[in-house]
Amino acid sequence: MLKIRLPDGSERELPQGSSPADVARAIGPGLFKAALAARVDGELRDLNRPFEGDAELSLVTSRDEADALELARHDFAHVLAEAVQTLFPGTQITFGPATDDGFYYDFAPPEGRGMFTEKDLPEIEAEMRRIIAADKPLVREEWTRDQLIAHFDAHGETFKSEWAKELPEGEALTIYRAGEWLDMCRGPHLPSTGKLDPQAFRLTRVSGAYWRGDQRNAMLSRIYGTGWLNKKQLAEHMHRLEEAAKRDHRKLGAEMDLFHLQQEAHGSVFWHPAGYLIWRGLESYMRRAIDGAGYREVKTPQVMDARQWEASGHWGKYRENMFVIPDEVPNTEDEGAIISGDADWMALKPMNCPAHVLIFKQGIKSYRDLPLRIYENGCCHRNEPHGALHGLMRVRQFTQDDAHIFCREDQIVDEVQKFCALADRIYQHFGFTYAIKLALRPEKRFGTDAMWDKAEAELRDAVARAGLATAEHGWEELPGEGAFYAPKLEWHLTDAIGRTWQVGTIQSDRVLPERLDASYVGEDGNRHRPVMLHRAIFGSYERFIGILIEHFAGKLPLWLAPTQAVVATIVSDADAYAEEIAAKLTAAGIRVETDLRNEKINYKVREHSLAKVPMLLVVGNREAEQGTVALRQLGVKEQRFMPFDEALAMLQAEATPPDLR
RNA sequence: GCCUACGUAGCUCAGCAGGUAGAGCACUUCCUUGGUAAGGAAGAGGUCACCGGUUCAAAUCCGGUCGUAGGCUCCA
C-alpha cells in the first residue's frame, strides 16, 4: 500500500499503481472534476501518472492560477500543433512552449507552401476548438531515444529527429499522445484537451523564428496565441493590451508634438521643441545628480580614427554595428564623391569608453586621484539591424548618461555600492521600482577566466552589501548575457502597467585599461592598472524619455511637462488679465502659454486636456475682477477657485524637480 | 539582416471585380463673447511611399526598393 499525505496533514492509503487522480476521485467527484494536475513531493506532475512510492500530494485546480495557466498554455501549444498538422499535412513540428501571456509553436511548413500568415489563423483556431471539444485524453508514455528517432524519421519530422539525436542515450524520454497525434515533451499536461476553455484563447500573430534561436539556421514559421483559464481572463488581457496601446510613446509623441522620425534620418530622432524641453529637464536633473556625486563632466569627439577602435577592440568585436567614414581629402571630383582604395578609416563612436580612457591617460595619474569619475552626455551611433529599430526605444543615434569610474582594485566594491545608492535615489524620483540582475560572462569575450571570476564576484558582493540581492529586488543571475569586456549589473525598471525595461547598468572592466595601456602611480611608486567601471542610469535619454512617456501615459509630472500651464480665457474681456498672470508665471519660471482664442471654454478645456497640459488656469470676468483663477488639474474633474498668488505658489512647488525639494 | 502584414490629405480612415480620389478631425477666413472635454458657415489641402512592368487605361494587378508594425537575431 502507498501512504499519501495531503496538505491538511491527513493520510490516505492506496494500492500500488494508484495515481493522484485516484486520490481526487476518492475525496469527491467535485474535486476529481476540478483537478488539473498534481504536485507530488513539490513536483508538478500529470494527474494520471502513478505514484512511485509514498508521497506528499497536493492537487492542482484552477485556483492554483500560476500552475494552471502554465499547464493550460502548454496544452494550447500542443493543440495548436495538432491542429496545424491536421490542416496542413507535411508540416513539421519543432517546439512550442508557454509564454508570459500565452503560447507559441514553431513549425516548418510543408515544401512549397511558404510561411503561415494571419489569414490562416481563423481556420486553425476553429480546428483547435474541434480538438478541445473532442476532449482527447493526453497520455504520457516513456520511450527510448531510438524509438523516438525511428518514429520521427518515419514521419518526416527531421527537426524533431535532429533534436532527439542530441539527447543522452540511456535516459527515458517522454511523449504525450492525444489519440494518434503525439509530440515529444517533458510535460506535465492536463488530463485531456477538454479541460481547456475553448473561449479562453486566441491566435494573435505569426512571425519567423530561427531554428534553435540561431540566425544561421532555417527560418521557421511561428504562430503565437494568448491563452487563459477562462473567457473573462482573456477579455481582461485584451483590455490590458488596449490600455498599453494607448500609452504607446510613438502615438503620444506625435499627439503631444514631442518628436518625429522620418526615413531621411533612419533611426534617428527629430526632437521638437516640446520634446526637447523634457530632454533638457532630464539633462539638468542628471547634471545636478552627477555633480553631487563627485563626477566630472567631459565632451569627447564624435569621430575617431579606426586605429583607435582597433586598439580598444571595437574594430574586432563591434565593427558590424559601427558607421565608418573614409578619411580622405579631397573627397570629391567633378563626377561626385570618391573613395580611393587606400583611404584611412574613421568611425563614429558607438561607445564613449575609449575616449574617456584617453582623457584619463593625459598626464600622470596618482593613486591619490582615484577614484576618477568621468561623465559625458555621450552621443553614440550604432548601425543597428533595421528590423530592430523601434520608436525611441531602439534608435541608431542616441545619447547615454555615460560615465566611467577609474579606480583601484580595493575601491571597486565601494564604488559599486555608491552607484547602487545613486541609482536607487534617481529611480525613486521618477516613481519607478526596479529589479537588479547580474549578467555573467558571454561566449565571445576578452580576458581570462580568473579575471571574470573576480569581476563577477565583486559585483555580486557589492549588491549584497547594498542589501539589494534580494527576491524583493528581483535579484537574478543571467548566464552568458554580459558584455564582451565585462559582467554587467542591470537595473530593470517596472512601469505603471507592470512591464520591465532595462536601463541602468554598471560593469567592472579590466580589459579596456589593459588594451589602451592606462595606468596610475601607486603608493609603492610603481605603475598599476586602474579598473574601469562603466555605468549609466537613464541608459539613453531617448529610451528613458520613451519609458517615461509610457509610464505616465503622457501625463508627465509637472517638473518635466513641456507646457506646465495654460491660461485660458472665457471671454475676451479677460485677455489683459490672462496676459498679466501669464507674465507673472513666466517670471516665476513656469512654462506657461495663453489661450485667448475665440473659442468656447469647453473647446479649450478639451483641447488642452488631450494635449496633457497638467494645469489649466481658466479666467473670465469674475476672476479678472477678483484676482483669482479657476484651476483645473489634469485628471481631476473639479475645478478649484483660488487667489492667483495661491495658484502660483502651488505651481512653483510642484514645478520644482524632486531633487531640489 | 530574416519572417509575416501594411504604406491614400497634418491625423484617423473609406475607396481596390482596373476607368486619372472621398469622409471626419486639424488648418485658413467669416459669424458667434460663450463659464469647464468639440458653437455655426465657407474655403483650401493629395504626382494615392518610391521605381519599373502588364494594360487603351493602375491608388487598385505584378515585380523591386524604401519605410512602418509585430516577431526572430541583436541591443542603451
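What you see is a predicted model; the values in this text were computed from it and never measured. Proteins come first, then strands; the chains are lettered A, B, ... in the order of their sequence lines, and each starts at number 1.
- If you measure from atom CZ of A:Arg622 to atom C1' of B:rU36, you get 11 Å, rounded to the nearest angstrom.
- Between A:Ser572 and A:Ser221, the residue whose closest nucleotide on RNA chain B is further toward the 5' end is A:Ser221.
- A distance-only check finds no donor-acceptor pair linking the side chain of A:Glu125 to the backbone of A:Arg202 [under 3.5 Å].
- If you take atom P in B:rG35 and the same atom in B:rC30, they sit 23 Å apart, rounded to whole Å.
- Only the C1' atoms considered, B:rC11 is 28 Å distant from B:rC51, to the nearest whole Å.
- Rounded to a whole angstrom, the distance from the C1' atom of B:rA59 to that of B:rA49 is 12 Å.
- Only the C1' atoms considered, B:rC48 is 11 Å distant from B:rC16, to the nearest whole Å.
- The distance between atom CG of A:Asn217 and atom C1' of B:rC3, rounded to the nearest whole Å, is 15 Å.
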Margin query: If a pair means Watson-Crick or G-U wobble with both distances below 3.5 Å, what does RNA chain B look like in dot-bracket form, with | marking bases paired to a different strand?
Written below: (((((((..((((.....[..)))).(((((.......))))).....(((((..]....))))))))))))....
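- One atom, CD of A:Glu625, and another, C1' of B:rG35, lie 14 Å apart when rounded to the nearest Å.
- The separation between A:His272 atom NE2 and B:rG10 atom P is 14 Å, rounded to whole Å.
- Between A:His386 and A:His266, the two ring planes are perpendicular [angle over 60°; tilted spans 30° to 60°].
- A:Pro562 pairs by the side chain to side chain contact (heavy atoms under 4.5 Å, CB included) definition with A:Leu258, A:Ala274, A:Leu277, A:Ile278, A:Leu556, not counting sequence neighbours.
- Between A:Phe538 and A:Tyr541, the ring-plane angle classifies as perpendicular under the 30° and 60° cut-offs.
- Distance A:Glu599 CD to B:rU29 P: 12 Å, rounded to the nearest Å.
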I'd like a list of close polar pairs between nucleotides 14-16 of chain B and the protein, N/O only, cut-off under 3.5 Å.
none

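- Comparing B:rA26 with B:rG45, their C1' atoms are spaced 11 Å from each other, to the whole Å.
- A:Leu617 has its CG atom 15 Å from the C1' atom of B:rG35, to the nearest Å.
- Within the structure, salt bridge (charged side-chain N to carboxylate O under 4.0 Å, His left out) contacts touching residues 99-110 of chain A (residues at least two apart or in different chains) are A:Asp106-A:Arg222.
- Among residues two or more places apart in sequence or in another chain, the side chain to side chain contact (heavy atoms under 4.5 Å, CB included) test is passed with A:His381 by A:Gln302, A:Phe323, A:Leu348, A:Cys379, A:Gln397.
- With sequence neighbours excluded, the residues satisfying side chain to side chain contact (heavy atoms under 4.5 Å, CB included) with A:Ala578 are A:Val567, A:Thr569, A:Leu596, A:Val619.
- Among residues two or more places apart in sequence or in another chain, the ring-ring contact (aromatic ring centres under 6.0 Å, His included) test is passed with A:Tyr105 by A:Phe107.
- One interatomic measurement links the two molecules: OH of A:Tyr603 to C1' of B:rA37, which rounds to 12 Å at whole-angstrom precision.
- Put simply, the side chain of A:Glu376 never gets that close to the backbone of A:Asn352: no donor and acceptor are under 3.5 Å apart.
- Straight-line distance from the CG atom of A:Asn602 to the P atom of B:rU36: 6 Å, rounded to whole Å.
- Figure legend: cation-pi geometry between A:Arg205 and A:Tyr224, with NZ or CZ positioned under 6.0 Å from the six-membered ring centre and within 45° of its axis.
- Residue A:Ala568 is classed as having no contact, given no heavy-atom separation below 4.0 Å to the nucleic acid.
- Applying the salt bridge (charged side-chain N to carboxylate O under 4.0 Å, His left out) rule to pairs touching residues 533-548 of chain A yields A:Asp401-A:Arg535, sequence neighbours excluded.
- Between A:Tyr285 and A:Phe430, the two ring planes are perpendicular [angle over 60°; tilted spans 30° to 60°].
- A tilted orientation is assigned to the rings of A:His249 and A:His390, their planes being inclined by 30° to 60°.
- A heavy atom lying under 4.0 Å from RNA chain B marks the following residues of residues 604-616 of chain A, by number: A:Val605, A:Arg606, A:Ser609, A:Leu610.
- Counting only distance, with no hydrogens or angles, the side chain of A:Lys437 and the backbone of A:Leu478 share no donor-acceptor pair below 3.5 Å.
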Checklist line | nucleotides 63-76 of chain B: protein proximity per nucleotide (B base, S sugar-phosphate only, - neither; heavy atom, under 4.0 Å) | finding: ---SSSSBBBSBBB
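- A donor-acceptor contact shorter than 3.5 Å is absent between the side chain of A:Glu579 and the backbone of A:Ala576.
- The backbone N or O of A:Gly227 lies less than 3.5 Å from a partner atom in the side chain of A:Arg73, making a donor-acceptor pair.
- By the side chain to side chain contact (heavy atoms under 4.5 Å, CB included) test, A:Leu493 pairs with A:Tyr427, A:Phe432, A:Tyr434, A:Val503, A:Phe544, sequence neighbours left out.
- Put simply, the side chain of A:Lys349 never gets that close to the backbone of A:Pro354: no donor and acceptor are under 3.5 Å apart.
- Distance check on atom C1': B:rU20 versus B:rA57 gives 9 Å, rounded to whole Å.
- The stretch residues 631-641 of chain A touches RNA chain B through A:Arg632, A:Gln639, A:Phe641, each having a heavy atom under 4.0 angstrom from the strand.
- On the C1' atoms, B:rG24 is 12 Å away from B:rA9, given to the nearest whole Å.
- Within the nucleic acid shown, A:Asp573 has no heavy atom closer than 4.0 Å to any nucleic acid atom.
- Side chain A:Thr117 to base B:rU4: no donor-acceptor pair is found below 3.5 Å.
- Separating the P atom of B:rC62 from that of B:rC6 is a span of 11 Å, rounded to the nearest Å.
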